[in-house]
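One structure below.
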Amino acid sequence: MLQIGFAEQDITPPPGPRIAGHFRDQAVETIHDPLFARAMAVTGSGPSGEELTFVLITCDLLSLRRSTVLAARRRIEEATGVPGARITISATHTHTGPAAARIFCMDPDPDYVQSLEGHIAAAGIAALQRRQPGTLTVAYGFEGKLTQQRRFIMRDGTARMHPPKGGKDILYQEGPVDPEIAVLWGEDATGAPLGCWVNFACHVNTVGGTNPISADYPGYLSAAMKTRQHEGFVTLFGNGCCGNLCAIDVYDPDRDDRGHEWARTMGERLADDVLRALADGEKLADPVLDHRSTVIPMPMRHVPEELLTWARDFLAAADENTSFTERCYAQMALEMMEMQRTEPLVSAEVDAFRLGDYGLVTLPGEIFTEFGLDIKLKSPAKRTFVVELANGIVGYVPTKRAFEGGGYEQRTATSSKLDPVAGEMMVAVGRSLLESMFR
């Protein structure tokens with residue numbers, strides 16, 4: 001029988017650290033709602049009958065340094081014996097949390113990052129210590145109203161992120177959305193609910209602004225699940241491939257889909273979706289568990305000489321009135337040149353998990369939704385769920401079509417530093433890992 005445990009650990013920062021997710025150098029001042037690292041530990045039988053354990057951890061953060069992931073894994077392994085490679089740690093991608101990795105030419109607060117390693121590890125260790133006999137239910141449903149494509153082709157042929165609602169220059173949406181909501185629901189041996197892991201693809205940038213600190217709609221989802229179940233119920237949120245998705249419906253100018261009220265609406269609706277999906281869920285009393293992982297070297301994109309020339313000239317002429325955003329882009333262009341000289345390949349970890357007939361793939365960047373859909377479509381598993389921003393951050397991973405169209409996500413910078421083949425490479429590796437477990 002499966003052993004299942006859940007835990008959550010507060011990771012809310014004190015005043016002072018930088019806020020991530022915006023082109024502003026602004027520090028944490030006030031707290032609207034707390035941030036958490038949440039963990040789910042599962043132990044069962046491997047493919048040859050051996051005992052196998054893996055841990056899923058989600059953090060209410062924009063992104064995570066690879067070094068933070070490795071440090072937290074090491075602490076958990078030392079305390080419990082569970083191999084660090086079987087612990088996947090992802091960020092929900094809230095834009096109203098403290099920086100935990102370098103973003104837009106700004107470094108995170110080192111004291112906060114150091115404390116974060118211990119807090120994440122504490123959540124994982126507690127989940128492992130709380131394992132008890134139980135069952136997992138796998139469920140999935142459709143949620144087509146909360147996530148939207150955020151890139152549009154304009155009438156001049158360019159691509160634009162977040163054009164004005166109802167804008168007359170909008171021609172069409174560039175890509176699809178992923179409307180699937182997936183659930184792993186944990187119960188103890190008596191059938192009492194312990195916690196769940198929820199997978200849904202949508203940018204966590206709904207509440208807007210940079211202060212106060214908030215977990216955004218995943219925080220409201222967690223609160224709603226506690227209300228519907230009990231205060232000790234733990235809800236992990238694994239964000240799907242949402243690099244080009246958001247909550248803003250450009251086609252509905254009358255919908256007020258920004259701010260805390262809409263984030264609350266999203267969280268409560270997702271909670272309803274979870275419970276609705278459970279009605280048709282499949283209970284896994286003793287599924288075969290498995291895990292595969294590999295770190296692949298990803299090529300960096302070419303930095304044109306004209307971009308470097310612009311960056312040098314721009315910074316040389318910059319003064320106190322210079323655009324902070326453009327200053328960052330100039331600095332990032334020069335940083336990329338140095339990265340290509342010292343470390344031309346970027347390490348990207350791709351993980352795949354098996355739970356009976358179901359698969360889970362985790363990827364380390366802001367992945368365009370087309371890549372997640374491709375993994376789902378061609379997976380040998382009954383259903384496969386995909387999580388982005390796991391086990392490190394490699395920046396945006398746009399499609400080749402997006403590279404041709406332009407726009408924010410593909411602008412050459414440390415936030416979008418990979419070659420256009422990166423997404424296809426991740427898909428190929430993810431599918432290969434799944435096939436090694438299911439065929």
Side-chain angles (χ1 to χ4, degrees), residues 1-12 33-44 51-61 72-73 75-77 79-82 86-92 118-139 181-200 215 218-239 267 270-271 274-275 277-278 281 283-287 289 291 353 355-356 358 360 362 385 387 390:
M1 191 175 190
L2 287 175
Q3 298 277 326
I4 307 168
F6 289 86
E8 56 188 359
Q9 176 77 25
D10 196 315
I11 59 170
T12 309
D33 54 277
L35 310 181
F36 287 90
R38 298 183 172 94
M40 179 176 76
V42 180
T43 298
E51 184 177 273
L52 188 146
T53 297
F54 62 76
V55 184
L56 304 180
I57 302 176
T58 64
C59 303
D60 291 324
L61 297 167
R73 281 175 167 175
R75 292 192 187 200
I76 296 171
E77 181 171 354
T80 68
V82 174
R86 291 183 183 159
I87 302 165
T88 191
I89 306 172
S90 64
T92 64
H119 290 321
I120 294 172
I125 293 167
L128 287 162
Q129 291 173 337
R130 294 174 186 173
R131 281 173 295 175
Q132 58 182 296
T135 59
L136 273 180
T137 297
V138 179
I181 179 169
V183 184
L184 301 178
W185 182 272
E187 297 177 344
D188 68 16
T190 71
L194 299 171
C196 68
W197 174 91
V198 179
N199 179 216
F200 182 67
Y220 285 107
L221 166 62
S222 173
M225 292 305 299
K226 286 180 182 295
T227 298
R228 287 158 171 76
Q229 302 303 316
H230 54 82
E231 185 59 32
F233 191 86
V234 178
T235 303
L236 290 77
F237 182 77
N239 209 334
L270 288 172
V274 167
L275 299 178
L278 279 177
K283 186 163 290 189
L284 309 179
D286 193 21
L289 304 183
H291 169 256
F353 297 84
L355 298 93
Y358 297 90
L360 166 64
T362 66
F385 313 123
V387 173

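For the numbers below, each heavy atom of this structure counts, side chains included, while hydrogens, waters and symmetry mates do not. Bear in mind the structure is a predicted one, so any value in this text is a computation, not a measurement.
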Is any side-chain heavy atom of S90 closer than 4.5 Å to one of N239? no
For A224 against G267, the heavy-atom pair lying closest together: CB-O, 4.3 Å
Value rounded to 0.5 Å, distance of CZ in R86 from CG in L289: 9.5 Å
Give the minimum heavy-atom separation between A122 and Q9, together with the two atoms involved. CB-OE1, 3.8 Å
Indicate the ring-plane relationship of W197 and F385, choosing parallel, tilted or perpendicular according to the 30° and 60° boundaries. tilted
Where is the tightest heavy-atom contact between C196 and M225, given as atom of each residue plus distance? SG-CE, 4.4 Å
To the nearest 0.5 Å, what is the distance between CG on D60 and CG on L35? 5.5 Å
Work out which heavy atom in A39 is nearest to a heavy atom in I57; give both atom names and the distance. CB-CG1, 3.8 Å
Is a side-chain donor-acceptor pair under 3.5 Å present for T235 with S222? no
Is there a side chain to side chain contact (heavy atoms under 4.5 Å, CB included) between L236 and E8 once you walk through the steps? CA-CA 9 Å; L236 290 77; E8 56 188 359; over 6 Å; no
Hey, what do you get for OG1 (T362) to CG (N199), rounding to the nearest 0.5 Å? 11.0 Å
Closest heavy-atom pair, A7 versus A126, reported as atoms and distance to 0.1 Å, is CB-CB, 3.5 Å
Mind listing the closest non-hydrogen atom pair of G124 and I76 along with its distance? CA-CD1, 4.0 Å
Look at the side chain of R73 and the backbone N and O of I87, then say whether any donor-acceptor pair between them is shorter than 3.5 Å. yes
Step by step, would you call T88 with F353 a side chain to side chain contact (heavy atoms under 4.5 Å, CB included)? CA-CA 10 Å; T88 191; F353 297 84; 3.9 Å; yes
Nearest-0.5 Å distance, CG of residue L128 to OG1 of residue T43: 6.5 Å
If you round to the nearest 0.5 Å, how far is CD1 of I11 from CG of L61? 4.0 Å
Residue pair F36 / V234, side-chain heavy-atom distance below 4.5 Å: no
Any donor-acceptor pair under 3.5 Å from K283 side chain to T137 backbone: no
Apply side chain to side chain contact (heavy atoms under 4.5 Å, CB included) to Q229 and L275, showing your working. CA-CA 10 Å; Q229 302 303 316; L275 299 178; 3.6 Å; yes
Using 0.5 Å steps for rounding, measure from the CD atom of Q132 to the CZ atom of F6. 10.0 Å
Go through L56 and L360 one step at a time and tell me if the side chain to side chain contact (heavy atoms under 4.5 Å, CB included) criterion holds. CA-CA 11 Å; L56 304 180; L360 166 64; 4.0 Å; yes
Would you check if L221 and F200 make a side-chain contact, meaning some heavy-atom pair closer than 4.5 Å? no
Please check: side-chain N/O of H291 versus main-chain N/O of T53, any donor-acceptor pairing under 3.5 Å? no
